[in-house]
Participant: 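One structure, pasted below without further comment.
Model, not experiment: these values are computed from the prediction. All residue numbers in this chain count up from 1 along the given sequence.
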Amino acid sequence: MTRLGVLDGDGIGPEIVPAAVRVLDAALAATGAAPVEWVPLPVGATAIETHGSALPDVTVETLTGLDGWLLGPHDSASYPPEHRAVLNPSGSLRKHFDLFANIRPARAFAGTPALVPGLDLVVVRENTEGFYADRSTYRGTGEFMPTADVAIAMGIFTRPAIERIARQACELALRRRRHLTIVHKANVLRTTTGFFLDICREVAADYPQLEVDDFHIDAMTVHLVRRGADFDVLVTENMFGDILSDLTGELAGSLGTAPSINASYDRAMAQAAHGSAPDIAGRGVANPTAMIASGAMLLDWLGAAEAAERVTRALRAVVGDGVRTVDLGGTAGTAEFTAAVVRALA
């Protein structure tokens with residue numbers, strides 16, 4: 001029996017994470033697969049109250065013995081000042097477990113108000129260095145102030161990190177439409193993102209089956225809005241990937257549908273790409289699609305491909321039948337939508 005962690009998080013997390021658990025259990029049962037043993041663990045604001053930390057040691061220690069987990073969104077901006085001063089739970093887990101590959105699909109749902117109809121792409125984001133200073137050093141945050149009037153953030157780019165994310169992107173493109181796009185800013189940041197571009201090209205040369213092109217990050221935003229359906233797999237550094245994947249999620253119709261997985265070679269964390277949405281927390285109206293789809297990505301990563309595919313089909317069938325949450329132009333609440341997905345799986 002696979003053991004997976006459950007970390008509800010903040011805001012709408014305690015609503016959408018249990019919804020994902022319910023759907024994943026139903027999908028596994030529908031395929032005759034062994035059930036998952038879910039291991040609830042403290043994280044976020046409730047963990048600060050009970051354990052004095054948003055990411056208690058007991059949570060990290062337990063996760064070390066698990067293959068993967070579901071992480072709900074966190075609202076670290078609302079934490080007490082001393083807890084805001086340290087790396088947030090998501091960043092800490094990515095850094096601690098070297099979850100170097102952040103895979104973020106964006107696919108429009110038929111019949112929903114997608115800004116780019118037909119969008120179906122994946123952003124492959126390097127997750128451990130780049131211009132995200134909170135993950136670019138062994139100790140500390142990669143930000144420092146040599147004087148009271150000067151603030152500096154380091155952007156780190158290393159060959160091993162670029163090679164491994166480029167290879168992940170190439171392998172993914174092979175399984176999709178065989179089109180890889182490298183996103184960079186090599187015309188200005190020549191030494192850093194130019195290095196990223198050069199190494200991605202080197203790795204991609206091992207995959208002659210792929211069509212490979214590249215765009216500057218600023219031009220890429222325009223191309224995605226104008227012709228996002230033309231792209232397949234995008235590979236880029238940490239901060240560019242975070243920004244682009246929010247854009248592609250909204251272009252697909254709603255960030256509420258944007259899933260992601262953070263993976264190393266031996267463990268993975270499923271995490272919706274959106275935030276904690278404290279303004280709608282507790283109202284039962286949150287869209288659980290992104291969290292459910294992230295869970296499906298985790299099942300696929302664990303080898304339960306049939307169950308993962310069933311979840312994907314069920315989500316699309318339910319939305320296609322008109323059962324939609326408010327962000328997709330419907331009226332269904334979290335519980336109603338989840339129940340419809342479970343019925344579709346049955």
Side-chain angles (χ1 to χ4, degrees), residues 1-9 12-41 43 59-60 62-74 89-94 96-107 122-125 127 165 168 171-172 175-176 245 249 255-274 287-316 338 341-342 345:
M1 179 180 290
T2 301
R3 300 175 70 239
L4 299 176
V6 183
L7 293 77
D8 283 350
I12 61 173
E15 299 168 69
I16 63 173
V17 173
V21 168
R22 183 181 173 194
V23 169
L24 300 186
D25 281 341
L28 290 167
T31 62
V36 164
E37 178 186 346
W38 298 102
V39 183
L41 294 167
V43 73
T59 296
V60 178
T62 304
L63 292 177
T64 301
L66 305 179
D67 294 319
W69 57 91
L70 305 181
L71 175 66
H74 55 74
S90 172
S92 294
L93 290 171
R94 297 180 194 196
H96 180 83
F97 290 106
D98 194 28
L99 304 177
F100 68 89
N102 186 199
I103 312 298
R104 292 187 164 185
R107 183 180 175 190
V122 182
V123 176
V124 178
R125 169 192 177 197
N127 219 12
I165 197 63
Q168 291 286 313
E171 293 289 341
L172 179 59
R175 300 193 298 272
R176 288 175 50 89
S245 57
L255 267 178
T257 68
S260 80
I261 193 171
N262 305 267
S264 65
Y265 293 119
D266 61 358
R267 71 191 72 233
M269 174 172 76
Q271 178 185 23
H274 59 68
N287 186 350
T289 298
M291 195 69 238
I292 293 170
S294 300
M297 293 178 70
L298 178 59
L299 289 185
D300 186 64
W301 184 88
L302 290 165
E306 183 183 353
E309 179 59 26
R310 287 198 182 205
V311 172
T312 300
R313 290 201 307 265
L315 284 170
R316 298 201 161 271
T338 304
V341 176
V342 171
L345 285 165

Participant: Nearest 0.5 angstrom please: T59 OG1 to W69 CH2, how far?
Facilitator: 11.0 Å
Participant: List the steps, then state whether side chain to side chain contact (heavy atoms under 4.5 Å, CB included) holds for R107 with R316.
Facilitator: CA-CA 10 Å; R107 183 180 175 190; R316 298 201 161 271; 3.0 Å; yes
Participant: Might you point out which heavy atoms bring V311 and L345 nearest each other, and give the distance in Å?
Facilitator: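 Taking every non-hydrogen atom into account, N-CD2, 4.0 Å.
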Participant: Would you mind telling me which of L315, V23, V17, T338 makes a side-chain contact (heavy atoms from CB on, under 4.5 Å) with P288?
Facilitator: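 Of L315, V23, V17, T338, side-chain contact (heavy atoms from CB on, under 4.5 Å) with P288 is met by T338 alone.
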Participant: What's the separation between atom CG in D8 and atom CE in M291, rounded to the nearest 0.5 Å?
Facilitator: 9.5 Å
Participant: Would V124 and L172 satisfy side chain to side chain contact (heavy atoms under 4.5 Å, CB included), going step by step from the backbone distance to the final call?
Facilitator: CA-CA 9 Å; V124 178; L172 179 59; 3.9 Å; yes
Participant: Does any pair with a residue in residues 304-315 pass salt bridge (Lys or Arg N to Asp or Glu O under 4.0 Å), and if so which ones, sequence neighbours excluded?
Facilitator: E306-R310, E309-R313
Participant: For V60 versus F97, what's the shortest heavy-atom pair and its separation?
Facilitator: O-CZ, 3.8 Å
Participant: Nearest 0.5 Å, what's the CG-CZ distance between N102 and R125?
Facilitator: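 Reported to 0.5 Å precision, the distance equals 5.0 Å.
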Participant: Kindly indicate whether the side chain of L41, heavy atoms from C-beta on, has any atom under 4.5 Å from the side chain of V43.
Facilitator: no
Participant: Testing the basics here: between R104 and S245, what is the closest heavy-atom pair and its distance to 0.1 Å?
Facilitator: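 In terms of heavy atoms, the two residues are closest at NH1-OG, 2.7 Å.
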Participant: If we count only N and O atoms by modelled type, under 3.5 Å, do the side chains of D67 and W301 hold a donor and an acceptor together?
Facilitator: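 Their side chains do not contain a donor-acceptor pair, so the 3.5 Å distance test is not met.
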Participant: Any idea which heavy atoms bring V342 and A26 closest together, and the distance?
Facilitator: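 The answer is CG1-CB, 4.1 Å.
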Participant: Looking at residues at least two apart in the chain, or sitting in another chain, which of them share a side-chain contact (heavy atoms from CB on, under 4.5 Å) with A33?
Facilitator: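 With sequence neighbours excluded, A33 shows a side-chain contact (heavy atoms from CB on, under 4.5 Å) to L28, T31, given in chain and number order.
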Participant: Please list every donor-acceptor pair under 3.5 Å in which a side-chain atom of residues 266-273 meets a protein atom from a residue at least two apart or in another chain.
Facilitator:
residue, atom, partner, partner atom, Å
D266, OD1, S264, OG, 2.8
R267, NH1, L63, O, 3.2
R267, NH1, T64, O, 3.1
R267, NH1, L66, O, 3.2
Q271, OE1, S90, OG, 3.4
Q271, OE1, R94, NH2, 2.7
Q271, OE1, N262, ND2, 3.2
Q271, NE2, S90, OG, 3.0

Participant: What pair of heavy atoms forms the shortest contact from V39 to R3, and how long is it?
Facilitator: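 For V39 versus R3, the nearest heavy atoms are CG2-NH2, 3.7 Å.
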Participant: For the pair H274 and I16, evaluate side chain to side chain contact (heavy atoms under 4.5 Å, CB included) and give the outcome as yes or no after the intermediate values.
Facilitator: CA-CA 12 Å; H274 59 68; I16 63 173; 3.6 Å; yes
Participant: If you measure from CG on N127 to CG on D98, what distance do you get to the nearest 0.5 Å?
Facilitator: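 If we round to the nearest 0.5 Å, N127:CG and D98:CG are 9.5 Å apart.
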Participant: Looking at every non-hydrogen atom in both residues, tell me the closest pair between P73 and G13 and how far apart they are.
Facilitator: CD-CA, 3.7 Å
Participant: I'd like to check L4 versus L70 (side-chain heavy atoms, cut-off strictly below 4.5 Å). Are they in contact?
Facilitator: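 They are not in side-chain contact.
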Participant: Could you state the interatomic distance from CD1 (I261) to CG (L298), rounded to the nearest 0.5 Å?
Facilitator: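 The CG atom of L298 is 5.0 Å from CD1 of I261, to the nearest 0.5 Å.
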Participant: Are I103 and V123 packed together at the side-chain level, in the sense that at least one heavy-atom pair is separated by less than 4.5 angstrom?
Facilitator: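 They are not in contact (no side-chain heavy atoms under 4.5 Å apart), so the answer is no.
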Participant: About how many Å separate CD1 of I292 and OG1 of T312, when rounded to the nearest 0.5 Å?
Facilitator: 11.0 Å
Participant: Begin from the C-alpha positions of L24 and W38 and carry the test side chain to side chain contact (heavy atoms under 4.5 Å, CB included) through to its verdict.
Facilitator: CA-CA 11 Å; L24 300 186; W38 298 102; 3.8 Å; yes
